Amino acid sequence: METNLRYRNEDDRCYGATGMTVALVVMEGEDLLSAVNLDAENADGLIEYAGEYFFNGNPGLSAKSAWNTILKHFNCSMAAAIGNVMCRRYILDRERMDDTTKKFLLKLMIEEGHDTCDLDDDETRRLFDKNFVYLTRVFTHQGVQSVCNDFADVLKRRRRMSRLDILEQLRSLRML
């Protein structure tokens with residue numbers, strides 16, 4: 001499976017960060033965001049997560065509550081990865097995501113699902129398919145595309161946005 005998800009240039013990187021941010025907000029994971037930083041040393045640092053994101057258990061919580069929290073964080077990470085590529089493809093490139101890229105993302109998510117949540121392949125695939133369908137509707141919506149273009153423009157100028165800046169800039173998503 002040959003695919004390249006490296007950023008081609010700064011615009012591509014900016015729209016990737018935008019897609020991750022928008023996906024987290026629409027998936028109700030904004031509480032996990034701390035900031036978005038276009039000048040991060042590496043691609044993994046584009047999104048700065050809040051401390052809660054790195055939750056790895058709490059003896060005061062039931063096992064079910066802890067697992068649900070870990071599953072929510074995995075779901076948000078999956079949405080961010082899908083949103084990154086969708087925003088770049090649908091909005092910046094004005095094309096659809098090819099099947100090779102989709103299969104590559106699914107493969108990565110299956111591995112992460114095993115490691116993070118002990119999910120089997122079918123469980124991760126169902127979650128991936130659900131997120132993929134939903135996020136396709138999100139990123140192909142003209143109103144969302146306009147919000148993404150505006151966000152990417154602001155991010156490119158500011159370089160870094162705090163959680164409050166992000167929520168302010170994306171408040172119009174709630175009206176769509």
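Quantities reported herein were computed from a predicted structural model and do not represent experimental measurements.
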Can you confirm whether [X] sits close enough to [Y] that some side-chain heavy atom of one is under 4.5 Å from a side-chain heavy atom of the other?
X      : Y      : result
Tyr7   : Asn84  : yes
Asn9   : Asp12  : yes
Val138 : Met86  : no
Val36  : Phe151 : yes
Thr69  : Glu52  : no

Side chain to side chain contact (heavy atoms under 4.5 Å, CB included) partners for [X], two or more places apart:
X      : result
Asp93  : Arg8, Arg89, Glu95
Arg125 : Leu106, Ile110, Asp121, Asp122, Asp129
Asp150 : Ser146, Gln169

Completion exercise
Residues passing the salt bridge (charged side-chain N to carboxylate O under 4.0 Å, His left out) test with Glu111, sequence neighbours excluded, are Lys107

Exercise for the section: Report the residues that fulfil salt bridge (charged side-chain N to carboxylate O under 4.0 Å, His left out) with Glu112, sequence neighbours left out, ordered by chain and then residue number. Expected result: none

Fill in the blank from the handout: Closest non-hydrogen contact found for Phe128 with Lys102 is CZ-O, 3.8 Å

Exercise for the section: Locate the shortest heavy-atom distance separating Thr18 from Cys148; write the atom from each residue and the value. Expected result: CG2-O, 3.7 Å

Exercise for the section: List the steps and the verdict of salt bridge (Lys or Arg N to Asp or Glu O under 4.0 Å) for Arg174 and Glu30. Expected result: CA-CA 13 Å; Arg174 303 250 185 247; Glu30 67 265 9; 3.2 Å; yes

Fill in the blank from the handout: The reported gap from CD1 in Ile47 to CD1 in Ile166 (rounded to nearest 0.5 angstrom) is 6.0 Å

Handout entry: Straight-line distance of Lys130 NZ to Met78 CE, nearest 0.5 Å
Key = 11.0 Å

Handout entry: Carboxylate-amine/guanidinium proximity below 4.0 Å for Asp11 and Lys156
Key = yes

Exercise for the section: Run the salt-bridge test on Arg13 and Glu10 with the 4.0 Å N-O cut-off and return the result as yes or no. Expected result: no

Exercise for the section: Could you give me the CA-CA distance, side-chain angles and deciding distance for Ser162 and Asp165, then say whether side-chain hydrogen bond (donor to acceptor under 3.5 Å, both in side chains) is met? Expected result: CA-CA 5 Å; Ser162 71; Asp165 295 333; 3.2 Å; yes

Problem - Side-chain donor/acceptor of Arg171 to backbone N/O of Glu168, under 3.5 Å - result: yes

Exercise for the section: Apply the test side-chain hydrogen bond (donor to acceptor under 3.5 Å, both in side chains) to residues Asp31 and Tyr53: give CA-CA distance (whole Å), side-chain angles for both, the deciding distance (0.1 Å), then the verdict. Expected result: CA-CA 9 Å; Asp31 58 321; Tyr53 176 79; over 6 Å; no

Using a 3.5 Å cut-off and no angle test, enumerate the donor-acceptor pairs between side-chain atoms of residues 37-46 and protein atoms at least two apart in sequence or in another chain.
{"unit_1": "Asn37", "atom_1": "OD1", "unit_2": "Asp39", "atom_2": "N", "d": "3.0"}
{"unit_1": "Asn37", "atom_1": "ND2", "unit_2": "Glu48", "atom_2": "OE2", "d": "3.4"}
{"unit_1": "Asp39", "atom_1": "OD1", "unit_2": "Arg159", "atom_2": "NE", "d": "3.2"}
{"unit_1": "Asp39", "atom_1": "OD1", "unit_2": "Arg159", "atom_2": "NH2", "d": "2.6"}
{"unit_1": "Asp39", "atom_1": "OD2", "unit_2": "Arg159", "atom_2": "NE", "d": "3.2"}
{"unit_1": "Asn42", "atom_1": "OD1", "unit_2": "Asp44", "atom_2": "N", "d": "3.0"}
{"unit_1": "Asn42", "atom_1": "OD1", "unit_2": "Gly45", "atom_2": "N", "d": "3.2"}

Exercise for the section: Measure the acute angle between the ring planes of Phe54 and Tyr49, then classify it against the limits of 30° and 60° as parallel, tilted or perpendicular. Expected result: perpendicular

